[in-house]
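Data block below; observations after.
The chains referred to below are lettered A, B, ... by the order of the sequence lines, with proteins before strands, and numbering in each begins at 1. Since this is a predicted model, take the numbers as computed values, not measurements. Basis for what follows: all heavy atoms, side chains included, without hydrogens, waters or symmetry-related copies.
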Number of protein chains: 2
Amino acid sequence: METLDKNKESKGKKRASKRDPEGSRQALIDATLDTIAEIGITDTTVTSIIKRADLSRGMIHLHFGGKDKLLSSAAKYYSEVYYAELEKSLKHAGGDPEAIIMAVVRTDLGPNLLNERSAKVWHAFRGVAHSHPGISEYSSTQDERLKGILQKAFEHITREHSVGGQLSARQATFGTFALLEGMWVHFLSDMDGFSREEAVSLIQKFLSGMFPGHFAQD
Amino acid sequence: METLDKNKESKGKKRASKRDPEGSRQALIDATLDTIAEIGITDTTVTSIIKRADLSRGMIHLHFGGKDKLLSSAAKYYSEVYYAELEKSLKHAGGDPEAIIMAVVRTDLGPNLLNERSAKVWHAFRGVAHSHPGISEYSSTQDERLKGILQKAFEHITREHSVGGQLSARQATFGTFALLEGMWVHFLSDMDGFSREEAVSLIQKFLSGMFPGHFAQD
DNA sequence: GTATTTAATGGACAAGCGTCCATTAGCAAC
DNA sequence: GTTGCTAATGGACGCTTGTCCATTAAATAC
């Protein structure tokens with residue numbers, strides 16, 4: 001019998017075999033996101049990426065056609081992971097609009113989506129988006145999907161209880177979204193002082209102020 | 001009599017004479033901010049900056065000691081301009097806490113501070129701050145000063161009317177700040193659709209929801 | 001086994017980067 | 001004028017960047 005470790009995906013991160021195009025592709029994307037989070041997007045070079053992925057120089061050109069396209073693919077992947085997590089959480093939320101909104105808030109501020117690596121990558125991508133169409137595309141898609149979910153839920157609430165002078169669904173979406181983005185920024189500038197519970201509770205207070213009778217605190 | 005234009009600071013941007021260290025310094029800072037806003041911080045190189053400032057290669061090293069220090073100086077200058085505008089507006093606001101808070105909100109979202117160039121520069125700086133201590137310093141200083149002003153005003157309000165279950169001054173500051181940051185992000189992603197009035201009004205509604213009896217809408 | 005296919009390698013390359021400094025030139029003092 | 005000071009110039013430098021491709025080697029088909 002032979003040794004059974006070493007060559008069989010033992011660590012979960014290593015590629016399956018020496019020839020594994022799909023694995024190499026993903027390894028490059030992961031290494032890109034790691035590098036951006038660790039040393040910043042300005043210092044993220046082809047060399048720093050392939051060093052971290054433990055692959056050879058030519059792989060980026062081979063699998064993505066260039067550094068720029070790798071960055072776009074990494075942004076796309078990041079956005080997909082974000083949205084997958086959100087949808088997973090929404091499946092357990094049921095159909096109640098309030099529950100949906102609070103599930104979005106809780107998930108967006110939860111440790112799976114809002115953590116050091118993720119927040120740094122998000123921030124870096126947003127910072128360069130304006131001069132990088134490939135990245136811009138995916139981060140604005142992510143925003144629009146999130147806003148879409150919120151707006152649909154808020155529309156239900158405003159329709160049910162048409163409470164005269166209150167906020168429109170559009171404004172409520174706008175405000176909630178801004179608060180969430182602000183929380184991410186805050187998290188980055190003070191990770192130790194940040195409290196997820198407090199952030200969720202604050203948004204909930206904002207919502208219950210805007211929609212009296214709804215979003216009651218525990 | 002001689003011609004009186006052409007060589008006497010006529011355009012306000014040109015340097016006063018061919019030898020003007022202070023003017024050159026400022027021209028480099030302005031060119032840096034312009035370049036960042038136009039082509040992004042990633043593509044902002046020594047060459048692109050000196051081309052825009054219409055100065056020679058050596059000037060960056062001469063006046064700032066290197067590109068990195070020029071960037072830090074540009075961040076510092078940006079922050080100073082922001083804060084000067086804010087203080088100017090606060091002088092007219094009087095001593096009333098509500099008026100101070102609303103003046104901060106209106107100024108932060110006004111065209112002098114929130115415009116295309118300014119927002120793009122701000123975004124770019126924040127995106128690289130984590131791997132660039134010189135920039136990080138000034139953008140966090142700016143944040144802290146703004147939060148300080150808000151918190152002091154909110155403390156007055158919470159002290160006067162100690163309305164039991166309401167928001168603490170810290171939370172109100174947190175929420176207002178997050179909303180403002182969110183508005184800037186929103187402005188960047190949809191400049192045409194953005195309405196300053198709506199943004200101000202939304203924050204005011206948030207505040208009047210949190211502090212019933214205060215921040216009454218017009 | 002051999003042939004075929006293609007993932008992966010890593011060095012060569014030109015272009016571009018930021019830094020530096022010997023030189024030039026503008027202004028003030030005399 | 002001449003001198004002294006220093007702002008300003010712009011080319012040379014070494015280094016790093018991203019791209020590309022001839023070569024190697026792993027897996028599959030026969």
Strictly under 6.0 Å, is that where the ring centroids of H186(A) and F177(B) end up?
no
Assign each of R57(B) and G58(A) the nucleotide of DNA chain D bearing its closest heavy atom; nearer the 5' end lies the nucleotide of R57(B)
D43(A) CG to dC17(C) P, in whole Å, measures 15 Å
Quick note, salt bridge (charged side-chain N to carboxylate O under 4.0 Å, His left out) partners involving residues 179-196 of chain B, not counting sequence neighbours, are R126(B)-E181(B)
To the nearest angstrom, the CE-P distance between M59(B) and dC21(C) comes to 18 Å
Between CD1 of I49(B) and P of dC17(C) the distance, given in whole Å, is 11 Å
Per atom distances to the S56(A) side chain, the nearest of dG18(D), dA8(D), dT9(C) is dT9(C)
When rounded to whole Å, the CD to C1' distance for the pair Q26(B) and dA7(D) reads 17 Å
Contact check, residues 126-135 of chain B vs DNA chain C, heavy-atom distance under 4.0 Å, returns none
Original post:
Going by an N to O cut-off under 4.0 Å, is there a salt bridge joining K147(A) and E144(A)?
Top reply: yes
Here the side-chain hydrogen bond (donor to acceptor under 3.5 Å, both in side chains) pairs for residues 84-96 of chain B, sequence neighbours left out, are E85(B)-N112(B), S89(B)-T107(B)
Hits for side-chain hydrogen bond (donor to acceptor under 3.5 Å, both in side chains) against S118(B), two or more places apart or cross-chain, chain-then-number order -> Y78(B)
Taken to the nearest whole Å, CD1/I50(A) to P/dG10(C) is 9 Å
Taken to the nearest whole Å, NE2/H63(B) to P/dT6(D) is 14 Å
Looking only at heavy atoms, the pair that brings T35(B) and S48(B) closest together is CG2-OG, 3.4 Å
inquiry  = At 4.0 Å (heavy atoms only), tell me whether I60(B) reaches a base, stays on the sugar-phosphate, or touches nothing.
reply    = nothing
With 3.5 Å as the limit, what N/O pairs link the protein to nucleotides 2-5 of chain D?
none

Rounded to whole Å, CG of L62(A) lies from P of dA22(D) at a distance of 15 Å
So, is T45(A) near the phosphate of dT17(D), with a side-chain N or O under 4.0 Å from OP1 or OP2? yes
Is any side-chain N or O of H61(B) closer than 4.0 Å to OP1 or OP2 of dT19(C)? no
Which of dG18(C), dT19(D), dA8(C) is nearest the side chain of K67(B)? It is dG18(C)
Margin query: Counting C-beta onward and ignoring hydrogens, is there a side-chain heavy-atom pair between S73(A) and R25(A) closer than 4.5 Å?
Written below: yes
Q | More than 12 heavy atoms of other groups within 6.0 Å of R170(B) CZ | A | no
Rounded to whole Å, the CG-P distance (L55(A) to dG11(C)) equals 16 Å
Under-4.0 Å side-chain N/O to phosphate OP1/OP2 contact, S24(B) with dA8(D): yes
For residues 55-68 of chain B, the salt bridge (charged side-chain N to carboxylate O under 4.0 Å, His left out) pairs (sequence neighbours left out) are none
Looking only at heavy atoms, the pair that brings A199(B) and M183(B) closest together is CB-SD, 3.8 Å
Result for 5'-nearest mapping on DNA chain C, choosing between E22(A) and D68(B), is E22(A)
